[in-house]
Amino acid sequence: MKKYITMIRLILLNELRNREAMIFSLLLPIAILVLIGESDKSQIPYIYSGVICIAFGSIALIGVASQVTNLRENGILKRVKLTELSLNKFIYCIYISQIFFMLGQLIIITLIAIFVYDLKFKIDKQFLFGVAVQTVLGMLSLIAIGILIATFSKNTRAASTIGNTVIVTMLFVGNTLFPSNGWPKTVKQVVKYFPMNNLGDALRRTLIYNSQSMEHFVFQTLCLLSCFVLFYVIGQYLLNKTVTSN
């Protein structure tokens with residue numbers, strides 16, 4: 001157990017030293033919150049959930065993807081696979097470390113929203129535990145996608161480019177920051193399964209508007225769980241295959 005704790009701590013420290021990751025995963029979401037908050041404070045209740053999703057997406061789709069790609073490029077993953085730690089257990093450490101980092105993002109953004117922009121929560125207590133589970137599933141789903149991106153990326157620049165493309169698509173096509181009412185019906189049918197869309201909707205309905213329903217809760221949870229399982233299985237398989245072949 002001690003070696004896993006040490007590994008998680010080292011991954012977190014490496015993340016904190018990465019200036020690019022810190023800018024995109026923490027400073028950028030805060031900047032978006034501040035810019036929108038200063039221009040129209042009434043928008044804070046709606047965009048709060050979106051900013052949380054942007055923060056999670058930035059660290060998972062860009063930070064994790066670049067980090068895993070860099071580890072693979074430098075042959076570290078191949079060496080890890082030959083140790084008693086094993087590649088799969090090392091990836092589990094990455095998952096856990098990123099969840100801790102994301103919880104830090106969540107706390108910081110929430111404190112700014114409350115104390116600077118006077119965000120008021122109207123919490124649906126019936127789904128409070130459920131939204132906590134959904135939040136973790138959302139984190140896991142995005143991290144799994146980030147690792148999957150790493151398997152397709154030749155280098156860290158490619159991983160960053162693909163990650164940025166994915167997060168921008170989820171951000172503007174989905175219902176993350178802005179309502180997707182203007183998009184064609186076919187597009188809306190597709191984006192409703194996006195993990196960022198479902199996580200943002202769950203946070204918004206449960207914490208902000210007190211409008212969560214069992215139907216929405218089940219749909220959101222199943223989508224997040226399905227995304228995690230699907231991308232985790234594919235990502236782990238391709239990563240093991242890629243590391244072995246290199």
Side-chain angles (χ1 to χ4, degrees), residues 3-4 6-29 53-105 136-171 176 194-196 199 227-246:
K3 64 182 177 182
Y4 296 119
T6 301
M7 183 61 65
I8 291 168
R9 184 174 59 84
L10 289 173
I11 294 171
L12 274 173
L13 288 173
N14 183 60
E15 197 77 53
L16 293 171
R17 294 192 188 106
N18 188 333
R19 293 182 180 180
E20 183 180 353
M22 289 298 294
I23 290 172
F24 278 101
S25 63
L26 188 57
L27 297 183
L28 180 60
C53 291
I54 292 171
F56 290 175
S58 296
I59 191 62
L61 304 178
I62 301 172
V64 171
S66 299
Q67 183 184 48
V68 174
T69 301
N70 183 56
L71 292 172
R72 192 198 69 224
E73 276 187 296
N74 293 326
I76 295 175
L77 293 183
K78 193 168 187 176
R79 290 198 292 272
V80 167
K81 195 169 185 179
L82 300 176
T83 67
E84 62 179 47
L85 182 62
S86 83
L87 180 59
N88 286 337
K89 291 177 181 176
F90 180 74
I91 295 300
Y92 297 157
C93 291
I94 290 179
Y95 271 94
I96 295 170
S97 66
Q98 299 311 313
I99 287 175
F100 278 115
F101 192 90
M102 289 174 173
L103 288 174
Q105 292 176 308
V136 174
L137 285 175
M139 294 174 178
L140 293 172
S141 299
L142 292 170
I143 296 170
I145 295 173
I147 291 174
L148 180 61
I149 289 172
T151 66
F152 291 109
S153 305
K154 292 184 178 180
N155 49 53
T156 53
R157 179 175 295 182
S160 181
T161 301
I162 296 172
N164 274 296
T165 303
V166 174
I167 195 171
V168 167
T169 302
M170 289 189 181
L171 178 61
T176 307
F194 284 6
M196 284 177 65
L199 178 58
C227 283
F228 168 57
V229 172
L230 176 64
F231 293 120
Y232 170 79
V233 171
I234 297 174
Q236 290 294 101
Y237 171 76
L238 291 178
L239 186 63
N240 276 280
K241 186 176 179 180
T242 304
V243 171
T244 302
S245 62
N246 286 341

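Because the structure is a prediction, the values reported are computed rather than measured. Throughout, numbering of the chain's residues begins at 1 and tracks the sequence.
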- [ ] Report the residues that fulfil side chain to side chain contact (heavy atoms under 4.5 Å, CB included) with V233, sequence neighbours left out, ordered by chain and then residue number.
- [x] V229
Task: T151 side chain reached by K241 side chain, heavy atoms, under 4.5 Å - done: no
Task: Nearest heavy-atom neighbours spanning G163 and I62 - done: C-CG1, 4.0 Å
- [ ] Return the minimal non-hydrogen interatomic distance between C227 and P195, and the atom names on each side.
- [x] SG-CD, 4.0 Å
Open item on the list: Once rounded to the nearest 0.5 Å, what's the spacing between atom OG of S97 and atom CE of M102?
Closed with: 9.5 Å
Task: Euclidean distance, N155 CG relative to R72 CZ, rounded to 0.5 Å - done: 8.5 Å
Open item on the list: Test of understanding: with side chain to side chain contact (heavy atoms under 4.5 Å, CB included), list the residues that count as partners of I91, not counting sequence neighbours.
Closed with: L87, I94, Y95, I147, Q236, L239
Task: Shortest non-hydrogen separation from V64 to G146 and the atoms involved - done: CG1-C, 4.4 Å
Task: Residue pair L142, Q98: steps toward the side chain to side chain contact (heavy atoms under 4.5 Å, CB included) verdict - done: CA-CA 10 Å; L142 292 170; Q98 299 311 313; over 6 Å; no
Open item on the list: So, using side chain to side chain contact (heavy atoms under 4.5 Å, CB included) as the criterion, who are the partners of I99 when residues are at least two apart?
Closed with: L103, M139, L140, I143
TODO: Mind checking the CD1-CD1 spacing from I145 to I234? Nearest 0.5 Å is all I need.
DONE: 10.5 Å
Open item on the list: Checking F152 now: which residues fulfil side chain to side chain contact (heavy atoms under 4.5 Å, CB included) with it, not counting sequence neighbours?
Closed with: L148, L238
Task: Donor-acceptor pair, side chain of S160 and main chain of T156, under 3.5 angstrom - done: no
Task: F228: partners by ring-ring contact (aromatic ring centres under 6.0 Å, His included), with sequence neighbours left out - done: Y232
Task: Reported CG-to-CZ distance for the pair L71 and R79, which is rounded to 0.5 angstrom - done: 10.0 Å
Task: From CA spacing to verdict: side chain to side chain contact (heavy atoms under 4.5 Å, CB included), N240, N88 - done: CA-CA 8 Å; N240 276 280; N88 286 337; 3.2 Å; yes
TODO: Give the minimum heavy-atom separation between I149 and A65, together with the two atoms involved.
DONE: CG2-CB, 3.8 Å
